[in-house]
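Notes to accompany the following structure.
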Amino acid sequence: MQLEQVGPYLWRIPRDAERGMRVPGLVVADERLIASIRSDAALEQLANGATLPGIVRAALAMPDIHQGYGLPVGGVVATDAVHGVISPGAIGFDINCGVRLVKSSVDAADIAARMERLVDALYAAIPTGVGSRGALTLDARTLDEVLARGAAWAVERGYGVPDDLERIESGGCLDGADPGKVSDRARERGRRQLGTLGSGNHFLEVQVVDEVEDARAAEALGLHVGQAMVMIHTGSRGLGHQVCTDYLDVAGKALRRHGISVPDRQLACAPNDSPEARDYLGAMRAAANFAFANRQLLTHWARDVFARVLGADARELAVVYDVAHNIAKVEEHVVDGVVRRLTVHRKGATRAFPGQPVIVPGDMGRYSYLLVGTEAAMRETFGSTCHGAGRVLSRSAAVRAARGRRVDLELRERGVVARATGKDALAEEMPEAYKDVKDVVDVVHRFGISLRVARLRPLGVIKG
DNA sequence: ATGTAC
């Protein structure tokens, strides 16, 4: 794949009309990261993304890009909201997978002696693992409300406070959600999964503010060094997965009906002004609302656990921000001096509007970051930035590398109490399975599409 | 990511 450097942190795949590219590909990276990206099939997938009808400016990739389904994880594709297309594969299976950061009113040093108890209690209170079922079972009408209202539904039911909603992307509820476009099968999978963590890289961590880089921004968000925090990384579980599966099929059929050709069936798509696209958008927004409600419920149970284990005062867990990294949003952006309405696909990419908190989780042994979005992100990346570290070992390679080792004890030596459900969950997710998130964050910070505010270090983690 | 194969 031809790749030319066009700036200190920007690389271009030139537009190749023969392969159907309508625009170039652009990768945000430095020399070191681009070396590992070069050998990855992700660049082919990014070039494929550049063929989507109605794509604007470029198919973009963040520095944590890696191979995904259709479009690489770390990809950002903006299409004309009327004359372009929407592609379920360019959003991903875990619709509104995202991250929530919550601040506590206690210092980590004051709860260090009770960390084992705290993590055990969180692990007992929050269902984890593949296929895990929640404390709730929703009837059809209640599920409709969750799908239509998102986190607002949870807060109305007492799972949180109205202030929480002010600190969630889009207020924790996407307008235009259409529960009627979510299949019975997806609904059945979701019915017992609200308030569950899931598996894989999903987690709930107790963290500490390790270092503050932007003192003013940190103070404005109420953060200080030494403060205990909670970070939650999960999405729409089996419901969102089924919505994606259902609409990949719809989009596959739409290709023929609308005379669209794509180089990879995984990039199947439908014109934004077609019934197929409207249906998918309605279902995707409903799944996104399910995910917002999911993170809200986990926050509620974390509050209960903090109060029970640490005392009533510790119940005060306030949302700092909650942001999606697998989603499509219809947004206005300035392109060549003209305001345009675009369908922005972010797949493993985080919205980074000016002043907006951005949460970038790393691996469970090292650290995560809080950043803030910028005007540069609006100019360069349709208001987007990276979403995490990215794997360096496959799951199976990680399990092989961990054979004969005790990852739980290794984490304990690094000061992290870990509890997990799956047999190989800790091995698959061990720190050395991931790139150092610091390298990824350095690039987006230097390029200017989001700026470091604080670094967070894990103290306790529960996983599926 | 995922009732990790309907």
Side-chain angles (χ1 to χ4, degrees), chain A residues 42 45 62 64-75 87-100 126-134 137-138 143 182-204 232-249 252 266-267 283-284 286-288 290-292 294-295 298 323-328 345-350 361 363-364 386-391 393-400 420-429 433-434 462-464:
Chain A
Q45 293 186 320
M62 302 300 110
D64 48 335
I65 176 181
H66 58 270
Q67 188 177 0
Y69 182 93
L71 193 75
V73 176
S87 172
I91 288 148
F93 279 90
D94 191 2
I95 294 165
N96 191 5
C97 187
V99 196
R100 173 178 291 209
I126 291 169
T128 58
V130 182
S132 61
R133 292 174 171 193
T137 298
L138 308 179
L143 180 59
V182 176
S183 70
D184 288 344
R185 191 181 232 186
R187 297 169 66 96
E188 188 52 35
R189 287 178 72 171
R191 214 158 75 82
R192 292 179 179 83
Q193 288 193 327
L194 192 63
T196 64
L197 189 64
S199 67
N201 62 7
H202 289 167
F203 65 76
L204 184 148
I232 298 167
H233 177 208
T234 186
S236 51
R237 309 286 288 104
L239 183 140
H241 191 279
Q242 190 63 46
V243 167
C244 184
T245 302
D246 293 340
Y247 282 92
L248 282 168
D249 186 46
Q266 295 184 355
L267 274 177
M284 185 217 67
F290 186 90
F292 282 133
N294 194 28
R295 294 195 285 275
L298 299 194
V323 69
H325 55 225
N326 274 12
I327 205 163
H345 302 64
R346 297 192 179 92
K347 178 179 182 177
T350 312
D363 65 78
M364 59 186 170
C386 64
H387 88 305
R391 294 194 81 93
L393 295 179
S394 71
R395 287 183 184 185
S396 54
V399 171
R400 239 176 292 129
T421 304
K423 183 170 77 71
D424 294 324
L426 288 185
E428 288 174 352
E429 294 293 313
Y434 282 89
I462 70 169
K463 293 190 70 73

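Each chain gets a letter, A, B and so on, in the order its sequence line appears, and its residues count up from 1.
Using a 4.0 Å heavy-atom criterion, one finds that E428(A) contacts no nucleic acid atom at all. When heavy atoms are screened at a 4.0 angstrom cut-off, R189(A) is found touching base atoms of the nucleic acid. Residue R133(A) is classed as having no contact, given no heavy-atom separation below 4.0 Å to the nucleic acid.
For E188(A) and dT2(B), the CD to C1' distance is 16 Å, given to the nearest whole Å. The distance between atom NE2 of H202(A) and atom P of dT4(B), rounded to the nearest whole Å, is 16 Å. Rounded to whole Å, atom C1' of dT2(B) lies 16 Å from atom CG of N96(A). In this structure, CG of D246(A) is placed 16 Å from P of dT2(B), rounded to the nearest angstrom. H233(A) places its NE2 atom 14 Å from the C1' atom of dT2(B), with the value rounded to the nearest Å. We find that CZ of R187(A) is positioned 17 Å from P of dG3(B), with the value rounded to whole Å. Look at CG on D184(A): it is 17 Å from P on dG3(B), rounded to the nearest Å. Between E429(A) atom CD and dT4(B) atom P there is a gap of 18 Å when expressed in whole angstrom units.
Look at Q193(A) and you won't find any side-chain N or O under 4.0 angstrom from OP1 or OP2 of dT2(B). For the pair S199(A) and dT2(B), the criterion of a side-chain N or O lying under 4.0 Å from OP1 or OP2 is met.
Going from atom CE of M284(A) over to atom OH of Y247(A) covers 11.5 Å, rounded to the nearest 0.5 Å. Expressed to the nearest 0.5 Å, how far CD1 of I95(A) lies from NE2 of H241(A) amounts to 10.0 Å. Atoms CG and CG, from L194(A) and N294(A) in turn, are 5.5 Å apart once rounded to the nearest 0.5 Å.
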| field | Steps toward salt bridge (charged side-chain N to carboxylate O under 4.0 Å, His left out) verdict (R191(A), E188(A)) | value | CA-CA 5 Å; R191(A) 214 158 75 82; E188(A) 188 52 35; 3.4 Å; yes
